[in-house]
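Index from 1, following the sequence.
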Amino acid sequence: MKGNAWASKIGFILAAAGSAIGLGAIWKFPYTTGTNGGGAFLLLFLVFTLLLGLPVLIAEFLIGRISGKTALRAFSELGHKKFTFIGVLGVVTCFLLLSFYSVIGGWVLIYTLLGFSGNLTSLTSEQLGELFGTISASPLYAIVGQVVFLIITGLIVLRGVQSGIEKMSKIMMPLLFLCFIILVGRSLTLEGAGAGVRFFIEPDFSALNRTSVLSALGQAFFSLSLGVSAMLTYASYMKERGQINRSAGWIVSLNIVVSLLAGLAIFPAVFASGLDPAEGPSLLFIVLPTVFSQVQFGSVFLTLFFLLFAFASITSSIAMLEVVVSALTDRKDEATAQDKKRVTLIITTLVALVGVPSALSFGIASDVTWLGQTVFDWMDFLVSNILMPIGALLISIFAGFKLDRAIVERELATGPMVKRLIPFWRFSVCYLSPLAILIILIWPLLFS
């Protein structure tokens with residue numbers, strides 16, 4: 001569609017950061033860190049993010065910015081039509097990701113409403129466990145929550161880049177950081193919080209295994225929304241050259257900061273209450289209400305947390321839906337607002353339908369398993385640990401070997417210091433990132 005562009009640089013950065021900072025940083029990062037030993041996993045995550053994630057993020061930005069087109073047209077616009085399958089893979093991955101991501105988004109909306117009721121902090125940990133079991137297992141709660149979450153996402157996407165995505169990101173992201181700072185301050189003042197801080201920041205490499213390494217890589221890509229063409233799509237709306245380096249640096253920095261804030265908000269509180277950091281996906285929904293029930297104004301803090309959780313979830317889901325919708329409506333330059341409305345409605349409906357098995361995986365479909373994993377588990381594993389790294393691998397190789405070097409240097413060389421870093425970036429996307437991704441993808445298959 002014509003007219004898609006960011007109104008400001010800060011709008012682009014906040015929107016792209018919002019895409020990256022969502023359930024990946026606030027929901028998945030804490031429980032994945034908790035189940036993989038704490039500090040050692042955090043260290044791996046940081047290394048993968050900086051050495052592999054950042055160069056691939058820049059690569060994805062380059063493809064979108066230089067082509068000025070979204071996923072399905074970017075590669076042909078650059079003169080490499082046979083590589084369009086990379087964009088197709090990104091769109092499919094985004095679609096599948098949103099199908100199970102929206103299930104968690106629905107839970108978040110339900111818990112946000114329950115938080116406003118003030119009743120959550122009056123429940124015991126056993127009662128909270130039963131409540132989470134009821135909500136996650138109920139077809140009504142699971143599906144209605146998922147559908148409402150998708151409707152909110154669709155309505156924002158329909159308003160367009162500036163009026164919808166950028167405007168909401170400018171409101172949501174600053175509020176998210178403000179809320180997190182308040183929560184961290186409260187968590188760190190709890191008696192016994194020091195044990196949680198040590199668990200989170202002190203590496204214990206004996207707690208790592210092959211699965212932990214694979215999970216850390218998957219988390220690095222998941223938390224930056226890499227390999228799904230989200231960053232490619234957002235970069236295609238850039239109006240000016242010279243934004244890529246600084247924007248990528250800001251987005252990675254913000255993502256790391258939020259991940260650290262999430263850990264510092266959750267683990268000190270978990271340990272202060274003598275609870276299990278390896279609780280798993282239910283960590284936020286069972287453990288945190290228990291924690292906040294023990295502090296003054298706990299109901300207010302808990303509601304604040306779920307509210308920011310909802311904000312972060314929506315900013316990420318917006319990017320996923322925008323990737324699919326824009327890819328389909330960008331096929332023709334004459335696409336109209338009516339075309340986008342129709343495509344958004346169709347895609348949102350299809351996502352909801354495909355997401356039903358994942359939504360029911362905690363209830364009536366919990367017995368539908370393969371190798372002990374539910375549909376939700378397999379969707380998460382497929383997207384986070386297979387499709388996203390493969391997508392990032394292909395984008396990395398394409399940007400390193402196929403993009404015109406002169407154009408790349410013109411986009412990236414914004415100063416003498418940055419210009420000297422371009423050879424390292426090229427080495428990373430051509431060799432380092434692809435090799436690391438291949439090793440970690442193949443390793444579990446060879447040594448399982």
Side-chain angles (χ1 to χ4, degrees), residues 22-35 99-149 183 187 262-263 265-267 269-295 298-314 317 355-369 372-377 379-380:
L23 289 180
I26 300 176
W27 168 68
K28 191 170 184 180
F29 176 75
Y31 92 72
T32 306
T33 303
T35 55
S99 74
F100 74 85
Y101 186 107
S102 57
V103 175
I104 313 300
W107 295 350
V108 176
L109 293 181
I110 292 171
Y111 269 82
T112 302
L113 293 176
L114 291 174
F116 280 109
S117 73
N119 294 328
L120 284 178
T121 52
S122 65
L123 302 178
T124 64
S125 57
E126 291 77 13
Q127 290 172 325
L128 285 165
E130 292 174 2
L131 176 64
F132 178 78
T134 299
I135 291 174
S136 60
S138 166
L140 179 62
Y141 283 131
I143 294 176
V144 170
Q146 178 196 39
V147 169
V148 172
F149 182 82
L183 287 170
S187 184
I266 292 167
F267 291 117
V270 169
F271 275 80
S273 302
L275 298 170
D276 184 6
E279 183 71 30
S282 62
L283 179 68
L284 299 182
F285 301 101
I286 296 176
V287 173
L288 283 186
T290 303
V291 172
F292 286 115
S293 68
Q294 303 172 29
V295 301
S299 181
V300 175
F301 283 114
L302 182 62
T303 303
L304 191 63
F305 178 85
F306 280 121
L307 190 59
L308 76 88
F309 198 5
F311 285 171
S313 304
I314 291 170
S317 65
V356 168
S358 293
L360 300 179
S361 290
F362 299 85
I364 60 176
S366 60
D367 293 332
V368 180
T369 62
Q373 302 294 305
T374 64
V375 174
F376 181 94
D377 295 330
M379 290 289 283
D380 185 10

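The structure places OH of Y141 at 8.0 Å from OG1 of T134, a figure rounded to the nearest 0.5 Å. The distance from atom CG of L109 to atom CG of L307, rounded to the nearest 0.5 Å, is 10.5 Å. We find the NZ-CG distance between K28 and D380 to be 3.5 Å, quoted to the nearest 0.5 Å.
A search for side-chain contact (heavy atoms from CB on, under 4.5 Å) contacts involving L113 returns nothing, not counting sequence neighbours. Qualifying ring-ring contact (aromatic ring centres under 6.0 Å, His included) partners for F267, counting only residues two or more places apart in sequence or in other chains: F199, F200. Not a single side chain to side chain donor-acceptor pair (under 3.5 Å) links T33 to another residue, sequence neighbours left out. Qualifying side chain to side chain donor-acceptor pair (under 3.5 Å) partners for Q127, counting only residues two or more places apart in sequence or in other chains: T124. Shown here are the side-chain contact (heavy atoms from CB on, under 4.5 Å) partners of A142, two or more places apart in sequence or in another chain: A359. Qualifying ring-ring contact (aromatic ring centres under 6.0 Å, His included) partners for Y111, counting only residues two or more places apart in sequence or in other chains: F285, F306. Take S99 and apply the side-chain contact (heavy atoms from CB on, under 4.5 Å) test, not counting sequence neighbours, and it matches V351, V354, M379. Every side chain to side chain donor-acceptor pair (under 3.5 Å) that T374 has, sequence neighbours left out, goes to D377. Partners of S136 by side-chain contact (heavy atoms from CB on, under 4.5 Å), not counting sequence neighbours, listed by chain and number: W107, F132, F362.
A distance-only check finds no donor-acceptor pair linking the side chain of S358 to the backbone of F100 [under 3.5 Å]. Not a single donor-acceptor pair under 3.5 Å links the side chain of S138 to the backbone N or O of I135.
Side-chain contact between L120 and L131: present, with at least one pair of heavy atoms (C-beta onward) separated by less than 4.5 Å. A 4.5 Å side-chain heavy-atom check between T303 and L114 finds every atom pair outside the cut-off. For the pair P139 and L360, the minimum side-chain heavy-atom distance is below 4.5 Å.
Smallest separation of non-hydrogen atoms from S299 and G115: OG-O, 4.0 Å. A pairwise comparison of heavy atoms in V103 and G355 identifies CG2-O, 4.0 Å as the closest pair.
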